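For reference, the structure is listed below as structure tokens.
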Amino acid sequence: MRVLPYGDAALLLEPEGEIAEVVALADACREAGLPGVLDVVPAARTVLLVARSGSDLGRLRAALDALEVRPAEAGAPAGTVEIPVVYDGPDLDDVARLTGLDRDGIVAAHTGTPWRVAFGGFAPGFAYLSGGDPRLQVSRREEARTRVPAGSVGLAGEFSGVYPRASPGGWQLIGRTEAQLWDLDRDPPALLQPGAEVRFVEVS
Amino acid sequence: MIEVLQVGPQALVQDLGRPGLAAIGVGRSGAADRAALRLGNRLVANDDEGAAGVEILLGGFTARARRDLLVALTGAPAPATVDGRPVGHHAVLRLRRGQELRLGPPSSGLRTYLCVRGGIAVPPVLGSRSTDVLSGIGPEPLEKGAELPVGPEPAAYPLIDVAPVAPPPEGLVTLRAVRGPRAEHAVDPDALATVRWVASGRTDRVGMRLEGGTLEVAEGAGSLPSEGLTRGAIQLPPGGEPVVFLADHPVTGGYPVIAVLRDADVDRAAQVRPGQPVRIRL
């Protein structure tokens, strides 16, 4: 693992490996209760540790040396969420062209393998889902849409995700769901919690 | 209770934000100038330095006390009056029931903080009363007619009447920074310290864009997989004009962070006006 400088109140961790190793490292950082750390921010290849103003980053680095990270495959998911999807997205044809799968093949691939909440960002309640069928890896759309409806289910790179609310976006849209990804009146407000397993289910 | 009679360009309730929720896509938010909010709360002897106050952008704000209150103004020195009588900044002010506090446009800086003994007691959202303008989480931006409840009086009493604090500067602002995790994504990261930058008009609580030059992005290094951002991170988008992230920054971003402001200097960055010259010292 590389530890990269990030000012006087944060450190950026770059584990060997890919998203599975990032998820495992973020889990370990949360569980360890690292000194002075206010937030653990996993992303695609890195984990950012945001520390309290004025905290001792030397002490934090020392605590990281002692950190035990379980192998990526070992961690059990923090619950499973099923998301019902109508697969009629406007980018199905493009995804078919990019992947060589037909519509049914895309649906089978998207529903056939469980996904895992890797990290958040972009908007409250948005989760980058990783670990799905590798045949579904597609680039973003060349031009982002100015408005993607809430509940749109998309693909980008190695990730799948569901838009919690209407927003601009560049992901390839393959379907839509009625599931409420974000609801401030619910506890917790985010449907998809860090580490959870997600299964997409086709509905008509 | 405080009744808002007039709002200028923006007035928001802010405390020190909601840390720890990045994994569900929620940023910390909080007062753009944390030091000013803390100072105001200390002046009125609130137990919590992070009690919620009102963050007022460029003055134009009038409010009426609906009961006797102790308040303090910190941050940008907006000329202030109570029922027409000038009052000072960084000082403990008594507002009698029915009196009106009025703020004009500040001579320097952007954001003035109105801190109240007892704190602004609107209902918290996810543990904080801060309005995050990027995600839309938190109380609605204040409008004319808003009524702000005030929390219970703390036990302690103010110890000082006035805090000697320099106002935000009118001219050149120097901000200290260190190299960031992706400094090598700029051909010459040290050029960040040599260009005489100017704060762009595209500056808000999310971030401040710097103009007046460009940094060359190293070949093939324009974007990278999303990674976490902090307040004070200086990102280099493909156009080469750096962006300094402020209180309501996105949780993650896909352009390289080439430098990071010292934590203590981020508050001063949040007071830099569009058009003001900025120097970054690495």
Side-chain angles (χ1 to χ4, degrees), chain A residues 2-14 18-19 22-23 26-27 30 37-55 117-128 156-159 161 164-165 181-182 184 187-195, chain B residues 16-30 34-35 38 49 123-127 132 134-138 176-184 223-234 245 249-254 256-267:
Chain A
R2 286 208 302 160
V3 180
L4 300 170
Y6 208 114
D8 56 8
L11 291 174
L12 187 68
L13 313 182
E14 202 172 51
E18 299 196 337
I19 188 67
V22 169
V23 172
D27 285 347
R30 278 191 212 98
V37 170
L38 281 177
D39 208 346
V40 176
V41 193
R45 293 287 175 271
T46 54
V47 177
L48 179 69
L49 301 178
V50 182
R52 206 166 269 118
S53 297
S55 64
V117 176
F119 61 98
F122 179 61
F126 186 88
Y128 289 80
E158 66 197 289
F159 302 109
R165 60 181 180 194
L181 274 290
W182 180 255
L184 269 174
D187 185 22
L191 178 66
L192 304 181
Q193 294 292 310
Chain B
L16 292 178
R18 45 182 78 79
L21 300 174
I24 56 167
V26 176
R28 178 167 183 180
S29 188
R34 300 159 299 182
R38 286 196 179 105
E49 277 193 348
V125 178
L126 296 177
D132 183 335
L134 185 70
S135 71
I137 289 177
R176 296 165 299 169
V178 293
R179 278 187 172 218
R182 308 296 173 194
E184 76 279 7
S223 69
L224 55 159
S226 292
E227 55 192 30
L229 291 172
T230 58
R231 193 190 276 234
I234 303 178
F245 280 114
H249 64 84
V251 172
T252 57
V257 171
I258 56 165
V260 182
L261 289 186
R262 286 221 201 165
D263 187 57
D265 285 18
V266 183
D267 293 321

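Letters A, B, ... mirror the listed sequences (proteins, then strands); counts begin at 1. Since the model is a prediction, treat every value here as computed from it, not as a measurement.
Pairing each heavy atom of A:D39 with each of B:P19, the nearest pair is OD2-C, 4.3 Å. What you find for A:Y128 and B:S226 is that their closest heavy atoms are OH-OG, 4.3 Å. Closest approach of B:G228 to A:Y6, counting heavy atoms only: O-OH, 3.0 Å. Nearest heavy atoms, A:R30 versus B:A23: NH2-CB, 3.8 Å.
Within the 4.5 Å cutoff, side-chain heavy atoms of B:R34 are placed close to those of A:S53. A:L38 places a side-chain heavy atom less than 4.5 Å from the side chain of B:R28. Between A:P124 and B:I24, the closest side-chain pair of non-hydrogen atoms is not below 4.5 Å. Residues A:L184 and B:L126 have side chains in contact (heavy-atom distance under 4.5 Å, counting atoms from C-beta outward). A:R45 has its side chain out of reach of B:L224: every pair of non-hydrogen atoms, C-beta onward, lies at least 4.5 Å apart.
In terms of heavy-atom pairs under 4.5 Å with chain B, the best-connected choice from A:A118, A:P188, A:G120, A:P189 is A:G120. Contact tally against chain B (heavy-atom pairs below 4.5 Å) for A:A10, A:P5, A:A190: the top residue is A:P5. Here B:S135 is the residue among B:S135, B:G180, B:P225 with the most heavy-atom pairs under 4.5 Å with chain A. Top candidate by heavy-atom pairs under 4.5 Å with chain A, chosen from B:T230, B:V178, B:L261, is B:T230. When each of A:P42, A:A44, A:G125 is scored by its heavy-atom pairs under 4.5 Å with chain B, the top score falls to A:A44. In terms of heavy-atom pairs under 4.5 angstrom with chain A, the leader among B:L229, B:D132, B:V251, B:V125 is B:L229.
The part of B:I137 that comes within reach of chain A is its side chain, from C-beta onward, which places non-hydrogen atoms under 4.5 angstrom from that chain. No part of B:R231 comes within reach of chain A, as not one of its non-hydrogen atoms sits under 4.5 angstrom from that chain.
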_Test side-chain contact (heavy atoms from CB on, under 4.5 Å) on A:V41 and B:T252; report intermediate values, then the result._
CA-CA 8 Å; A:V41 193; B:T252 57; 4.3 Å; yes

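A donor-acceptor contact shorter than 3.5 Å is absent between the side chain of B:D263 and the backbone of A:D8.
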